[in-house]
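Whatever order the structure lists ligands and atoms in, that order sets their numbers, starting from 1.
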Amino acid sequence: MNNYIINNKANYDLAYAESTENPVKFWDDIASKNFVWEKKWSSVVNWNFDKAKIKWFENSKLNITFNCIDRHVKENPDKIAILFEPNNVNEKEKSYTYSELLTEVCKMANVLKSLGIKKGDRVCIYLPMIPELAFSVLACARIGAIHSVVFAGFSSEALATRINDCDSTLTITSDGSFRGPKTLNLKCIVDDALLKCNDKQKVLVVNRTQEEINIDKNRDFLLDDIISSVEDYCNPVLMDAEDPLFILYTSGSTGKPKGMVHSTAGYMVYTSYTFKNIFQYKENDVYWCTADIGWITGHSYILYGPLCNGATTLMFEGVPSYPDYSRFWKIVDKYKVSQFYTAPTAIRALAKQGVNFVKDNDLSSLRILGTVGEPINEEAWNWYNENIGKSKCPIVDTWWQTETGGILISSIPGVIPDKATFATKPFLGIQPLLLDDNGDEIKENNKVGKLCIKFPWPSIARTIWGNHERYINTYFSAFKGKYFTGDGAFRDENGNYRITGRVDDVIIVSGHNLGTAPIEDAINEHENIAESAIVGFPHDIKGNALYGFITLKGMSLGNKKIKSEINELISKKIGPIAKLDKVQLTSGLPKTRSGKIMRRILRKIASKEFNSLGDISTLLNPEVVDEIINNSL
Ligand code: PRX
C-alpha cells in the first residue's frame with residue numbers, strides 16, 4: 001500500500017515533507033490507492049479560508065459504507081467487525097462479522113426507506129451504545145441521509161434544539177438505556193423533546209430495556225415491527241465527495257450549539273488513514289475506544305476509521321465503575337484488546353481507585369494506549385503508562401476536535417516517540433503554527449501561542465449547518481487565512497506540541513466540551529437570578545469543573561437551595577454533564593467600564609490564584625473583588 005503505512009521516522013519525514021510541499025500529489029496517492037471510488041475526482045483540493053470554502057476530491061462519487069463494509073465482505077466476510085459488550089455482566093456479549101454487519105445495516109437502511117427517508121434528509125439518532133446505534137449511523141450513510149447523533153445523556157430541551165436546528169424528521173431512539181446500575185427511559189425524553197418540534201416528526205424505537213413506553217400511533221414505529229418484513233440487501237446510494245455525511249453538534253461561545261457538517265470523501269480518507277497509522281492496527285487485533293458514538297471520537301474512531309480499515313472494533317454499553325472499577329480491565333482481558341483508547345478523566349477516576357482493580361486482569365494483549373479529549377496531566381500519564389501499559393505500550397495522546405473530524409497532532413508508535421503531557425507532532429498533511437495576540441507567527445520554540453492550522457486537511461468540517469457566516473467568524477476570522485482552533489499550545493525545542501487548554505469561553509469538563517454562554521443562559525432563566533458568570537477551575541478527576549458566580553435579584557436565598565435549583569435548571573436545559581460544582585452568591589460581578597464581565601479575574605479567584613489578579617483598578621466596581629475573594633469556595 002506504498003505510503004499508506006508509516007513505519008519509521010525516515011518514512012514519516014519523507015511523507016511529511018511531501019504532504020506539506022505537494023499536498024495534492026500526496027492525498028491523490030493516498031485516496032486513489034486505498035479506497036473504492038465509483039468515479040474519480042476532478043481536483044484534489046480547492047480552498048479559500050477567508051470564505052471558509054473547502055472542497056476535497058471534488059466530483060468524485062462513492063459510498064462510505066461500501067468502503068467500510070462491502071469491500072471487506074468480499075475479502076474477509078467472517079472477520080468480526082463489531083464486538084458488543086453489554087452493560088450488564090450477566091447478559092451475553094454479541095458479535096457481528098462483516099457479512100452480518102452488511103445485512104444489519106442494509107435492513108436498517110430499508111427500514112429508514114420504508115419510513116420515507118431519502119438522500120439529504122436529516123435523521124436524529126438518540127440511542128445508547130448498542131449495536132443498533134452503529135447500524136443506524138451506517139444505514140443513514142448507506143442511503144445518503146445525514147445523521148445527527150445526539151449523545152443520549154443530553155436533556156429533552158437540548159435534543160429538541162438539535163432536532164429543530166437541522167430540521168430532522170425522524171428520531172431513532174430506544175425504549176430505554178442501561179447505564180451502570182441505572183435504567184433511563186429514553187423514549188420519555190424524546191416524547192418531551194418532540195413537544196417542542198414541528199408535526200412532521202416520526203420516531204423509530206429500538207427495543208432494549210422493555211421499559212413501559214407511550215406509543216403515538218401516528219408518529220412512533222417499533223423497529224421490531226418493521227424490520228422482519230424488509231429485504232436484507234440495500235444498494236448503496238452514490239454520494240458526491242462533498243455531500244454532507246453527518247452533522248454533529250458542539251458547544252460554542254454563544255448560546256446555540258454549532259452543527260458541524262462533515263463531508264463524505266475527505267472525512268473517509270482522513271479518518272481511515274489516521275486510524276491505520278496512529279493505532280497501527282494489525283490483522284488480528286481487537287481495537288477498543290471507550291468513547292460514546294454520540295461524540296466525534298466515536299464517529300471517527302469507533303465506526304468509520306476502524307471499519308474502513310477492516311478492523312474489529314469493540315463497543316461497550318456501560319460505564320467504567322460498574323459493577324466495579326475493574327470493568328475496563330476485565331474487558332481488555334476478556335477480548336484480548338490490543339489498542340485501548342480513552343479519556344484522561346477516566347484514567348484519573350480509575351487511578352484514584354487504586355491498582356487492586358487492575359491487578360487480577362491479564363493486560364498483556366495491550367500494545368498501544370491512547371488518550372483524547374483534554375490535556376493529560378503527568379501523574380495520570382505515568383499511572384496509565386506503568387499500571388496499564390506496564391511501561392511497554394506507547395501512549396498516543398491525540399489532539400483534535402469535533403471540527404477537525406480526525407486526529408491532527410499525535411505521536412505514532414515506533415515512528416514519533418511519545419512524551420508525557422505532549423500530543424507531540426503534526427500528522428501527515430497538518431501544518432500547525434503558533435500565533436501571538438497580534439496574529440504574528442511565533443517561530444521560536446519553547447513558547448506558548450494560539451494554535452492555528454494554515455492548510456486544510458481532508459476531514460476539516462465544511463460549515464456550520466444553516467450558518468456559514470458563524471463558521472467563518474468562529475474559525476477563520478481571528479487570524480486571516482488560518483484556521484483558529486480555540487486552543488493554546490506550547491512547542492518545545494524538538495517541535496513537540498503540548499496543548500495548554502482552551503483560550504476562549506469553552507471549558508472542557510470530564511472531556512466534554514461545554515460553552516459557558518449556554519450554561520449562563522440556562523441559569524439566567526431562574527426568576528430570582530439577575531446575572532451569572534461561569535468559569536472553570538482545576539479538578540482532580542474531571543480536569544476542570546464549573547464554578548458559578550451568581551447575583552440575585554434583591555432577595556436572599558439559601559446557598560444550598562439556589563445551587564440545587566440552578567443544577568436542576570441546567571440538567572433540564574442542557575444535561576447533567578453541565579452541572580456546577582460550586583456556586584457562590586455575590587452582590588455583583590467584576591465589570592469593565594463598558595459593562596463586560598471580567599471572567600479573567602473570576603477564573604483566577606476560582607483557581608485560588610488570588611495574587612495574580614492583575615490590575616483591577618480600572619474596573620467599574622473594584623470593591624466587589626474583595627467581597628468575592630473573602631467568600632470564595
Ligand atoms: O481543547 C481541546 C481538547 O478538546 C477540544 C475539542 O473538543 P471536542 O470537539 O469535544 O473533541 C474532543 C475529541 C476529539 C480541543 O479543542 N482536546 C482534545 N484532545 C486533546 C485536547 N486537549 C489536550 N490534549 C488532547 N489530546
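By the 4.5 Å heavy-atom criterion applied to side chains, Val396 and Ile368 are counted as neighbours. Put simply, the side chain of Gln401 reaches to within 4.5 Å of the side chain of Thr485, judged on heavy atoms. The shortest side-chain heavy-atom distance between His468 and Ile472 falls under the 4.5 Å cut-off.
The side-chain hydrogen bond (donor to acceptor under 3.5 Å, both in side chains) check on Tyr384 picks up nothing, with sequence neighbours excluded.
A cation-pi geometry, defined here as NZ or CZ lying under 6.0 Å from the six-membered ring centre and within 45° of its normal, does not hold between Arg603 and Phe537. At least one cation-pi condition fails for Lys9 and Tyr12: the charged atom is not both under 6.0 angstrom from the six-membered ring centre and inside a 45 degree cone around its axis. Taking the ring centre of Phe49 as origin, the terminal cationic atom of Lys482 falls outside the region bounded by 6.0 Å and 45° from the ring axis.
Under a 4.0 Å N-O distance rule, the pair Asp581/Lys542 qualifies as a salt bridge.
Between Ile499 and ligand 1, no N or O atom pair is found at a separation short of 3.5 Å. The shortest N/O to N/O separation between Thr402 and ligand 1 falls below 3.5 Å. Distances between N or O atoms of Thr398 and those of ligand 1 include at least one value under 3.5 Å.
Close approach to Val372 involves these atoms of ligand 1, each under 4.0 Å from a residue heavy atom: 13 (C), 14 (C). Annotation for ligand 1: atoms under 4.0 Å from non-hydrogen atoms of Asn513 are 6 (C), 7 (O), 8 (P), 9 (O), 10 (O). Here is the list of ligand 1 atoms found below 4.0 Å of a heavy atom in Ile508: 1 (O), 3 (C), 4 (O), 5 (C). Against a heavy-atom cut-off of under 4.0 Å, Asp397 is close to the following atoms of ligand 1: 24 (N), 25 (C), 26 (N). Ligand 1 places these atoms under 4.0 Å from at least one heavy atom of Trp400: 6 (C), 14 (C), 15 (C), 18 (C), 19 (N). For ligand 1 and Asp487, the ligand atoms under 4.0 Å from any heavy atom of the residue are 1 (O), 2 (C), 15 (C), 16 (O).
Side-chain N/O atoms of Glu403 and Tyr475 include a donor and acceptor closer than 3.5 Å.
At a heavy-atom distance under 4.0 Å, no atom of His512 approaches ligand 1. Heavy atoms of Thr297 found under 4.0 angstrom from ligand 1 belong exclusively to the side chain. Heavy atoms of Gln401 found under 4.0 angstrom from ligand 1 belong to the backbone as well as the side chain.
Heavy atoms of Gly486 stay at 4.0 angstrom or farther from ligand 1. The closest approach between Pro375 and ligand 1 falls below 4.0 Å for a heavy atom of the residue.
The shortest contact between atom 24 (N) of ligand 1 and any protein heavy atom is with Glu374 O, 3.3 Å. Nearest non-hydrogen protein atom to atom 3 (C) of ligand 1 is Gly373 O, 3.3 Å.
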Check against side-chain contact (heavy atoms from CB on, under 4.5 Å), Glu85 and Trp288: CA-CA 11 Å; Glu85 167 74 8; Trp288 182 23; over 6 Å; no
